[in-house]
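For reference, the structure is listed below as structure tokens.
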Amino acid sequence: MDKLTYKSVLAWIGGRVPQMHNTSQLSSTGKVNPATIKEVKNISQAAATPSSVNYHFTRQCNYKCGFCFHTAKTSFVLPIEEAKRGLQLLKESGLEKINFSGGEPFIHDRGDFLGKLVQYCKHDLQLPSVSIVSNGSMIREKWFQTYGEYLDILAISCDSFDEDTNQTIGRAQGRKSHLDNLCKVREWCRKYKVAFKINSVINTFNVDEDMRENITKLNPVRWKVFQCLLIDGENAGENSLREAERFLISDQQFQDFLDRHSSINCLVPESNQKMRDSYLILDEYMRFLDCREGRKDPSKSILDVGVEEAIQFSGFDEKMFLKRGGKYVWSKADMRLEW
């Protein structure tokens, strides 16, 4: 890149860079300075539209999954009016789908905080899709009665259909049955007309499991299958709250798992590479998190600098987002489901 002329850099990003007004942007040989190239890259990212955003508004969780890559490093949660202001900014910038996650999103204010945000996004902002990722352990039927009509998709994390394996992974609280919760929530989704999804992280303890029968029986609209991922400062490294190295599997092991389950039509595979740069992730301070270097480098908060500036530092690859199927039929009104 440091050998490119300004003209070629300009062509590279489709002419979205303003004209130079001083020669400090050029080196003595007439080439572009590295600092200018960095600026150009940031400007080129500004074209990204935050059509789908994952908002991890809390890091707190009642489970202790050993591979968790968004751990309870803080207990901070934005005041609800500030969270709504940020969601409004995202809508004005092109947001179509918001996914609330954690931590465990139902842990704060017994799910009422989450419910109010779900209602705000669907009723006030009129977003096409509002979804949640949860471990399912803290959801109550009363929540569906109050907020279910505003929710398009509920994803429950389930890594195994063996209770002992879930205990080993940490996908449990005490000796309570994670699978009983999964089945109960599945029935509530059907009753209150919420599309049901399952997320699974494939790791050393479940990589040889055959989940076809159980996935078929639960019949989710999507089964998202992730390869266990290391993130420095979260589940790897000196300052991490988890040590996920023992959960890692090879690319071939992950592929073998996918091949074994290839008959499941709703399966959506997520390799490590896809996960690192094809998601727009907001943390509890509404900062975009750049995961390309194997850690989470935060932008400034969209509440302070706006969406357009913050997204330049998100590391988001819009082409990879589309390639992995990030845009799909995500409004339950368009799914034509038989409840």
Side-chain angles (χ1 to χ4, degrees), residues 53-78 99-108 132-138 155-160 164-174 178 199-207 224-251 253-254 257 270-301 310 313-317 320:
V53 173
N54 295 272
Y55 177 25
H56 296 251
F57 68 85
T58 180
R59 285 177 171 267
Q60 298 301 298
C61 189
N62 59 322
Y63 279 15
K64 297 186 183 299
C65 302
F67 47 69
C68 179
F69 45 77
H70 200 73
T71 54
K73 299 169 70 173
T74 76
S75 58
F76 179 81
V77 177
L78 275 172
N99 180 52
F100 294 103
S101 189
E104 169 49 48
F106 282 87
I107 202 170
H108 185 66
I132 298 170
V133 175
S134 167
N135 62 37
S137 66
M138 306 188 77
I156 301 298
S157 299
C158 182
D159 307 311
S160 175
D164 289 337
T165 301
N166 284 320
Q167 288 284 339
T168 300
I169 289 171
R171 183 76 74 188
Q173 184 178 22
H178 181 72
N199 287 356
S200 301
V201 178
I202 309 308
N203 61 85
T204 51
F205 298 99
N206 66 1
V207 68
K224 189 73 76 72
V225 176
F226 300 93
Q227 182 180 2
C228 183
L229 176 69
L230 289 186
I231 296 290
D232 189 57
E234 299 282 357
N235 62 13
E238 292 182 5
N239 299 318
S240 66
L241 297 182
R242 299 283 187 274
E243 295 179 358
E245 286 85 354
R246 68 193 183 102
F247 291 90
L248 284 185
I249 58 172
S250 67
D251 293 346
Q253 286 177 298
F254 184 61
F257 182 91
E270 295 274 326
S271 66
N272 285 348
Q273 182 56 46
K274 289 181 181 179
M275 290 170 64
R276 280 195 179 98
D277 55 11
S278 67
Y279 281 87
L280 275 173
I281 302 173
L282 280 181
D283 71 1
E284 64 274 20
Y285 301 100
M286 284 197 156
R287 304 177 300 185
F288 286 115
L289 298 177
D290 183 349
C291 302
R292 290 175 298 174
E293 301 300 323
R295 59 181 183 271
K296 289 182 174 176
D297 297 322
S299 70
K300 293 180 180 179
S301 174
F313 303 94
S314 65
F316 179 57
D317 185 335
M320 181 63 80

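Aromatic ring orientation, Tyr55 versus Phe100: tilted (interplanar angle from 30° to 60°).
With a 6.0 Å radius and a threshold of 12 heavy atoms from other residues, nucleotides or ligands, Glu245 has its CD atom above the threshold. At most 12 heavy atoms of other shown residues, nucleotides or ligands fall within 6.0 angstrom of atom NZ in Lys64.
In this structure Asn199 satisfies the side chain to side chain contact (heavy atoms under 4.5 Å, CB included) test together with Val133, Ala155, Ser157, Lys197, Lys224, Phe226, sequence neighbours excluded. Applying the salt bridge (charged side-chain N to carboxylate O under 4.0 Å, His left out) test to Asp251 and every residue at least two apart in sequence or in another chain returns nothing.
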Check against side-chain hydrogen bond (donor to acceptor under 3.5 Å, both in side chains), Thr58 and Glu104: CA-CA 7 Å; Thr58 180; Glu104 169 49 48; over 6 Å; no
Full working for side-chain contact (heavy atoms from CB on, under 4.5 Å) between Tyr279 and Leu289: CA-CA 9 Å; Tyr279 281 87; Leu289 298 177; over 6 Å; no
Derivation of the salt bridge (charged side-chain N to carboxylate O under 4.0 Å, His left out) call for Arg59 and Glu234: CA-CA 11 Å; Arg59 285 177 171 267; Glu234 299 282 357; 3.1 Å; yes
Leu280 and Ser314: CA distance, side-chain angles, deciding distance, side-chain contact (heavy atoms from CB on, under 4.5 Å) verdict: CA-CA 7 Å; Leu280 275 173; Ser314 65; 3.6 Å; yes
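A heavy-atom distance below 4.5 Å is found between the side chains of Leu230 and Asn235. Counting heavy atoms from C-beta outward, Tyr285 and Pro298 have side chains that stay 4.5 Å or more apart. Between Glu284 and His70 the shortest side-chain heavy-atom distance falls below 4.5 Å. The closest side-chain heavy-atom distance from Cys158 to Arg171 is not below 4.5 Å. Residues Phe205 and Asp159 are not in side-chain contact: their nearest non-hydrogen atoms beyond the backbone lie 4.5 Å or more apart. In this structure, the side chains of Cys228 and Leu248 come closer than 4.5 Å at one or more pairs of heavy atoms. Residues Phe313 and Asp290 have side chains not in contact (no heavy-atom distance under 4.5 Å, counting atoms from C-beta outward). The side-chain heavy atoms of Phe67 and Ile169, taken from C-beta on, include a pair separated by under 4.5 Å.
Taken to the nearest 0.5 Å, the CG atom of Asp283 stands 9.0 Å off from the CG atom of Leu78. Atoms OG and CZ, from Ser240 and Arg295 in turn, are 15.0 Å apart once rounded to the nearest 0.5 Å. Taking NZ of Lys296 as the reference point, atom CG of Asp232 lies at 11.5 Å (rounded to 0.5 Å). Taken from SG in Cys68 to CG in Leu229, the straight-line distance is 11.5 Å, to the nearest 0.5 Å.
For the residue pair Ala172 and Gln167, the shortest heavy atom distance occurs at CB-NE2, 3.4 Å.
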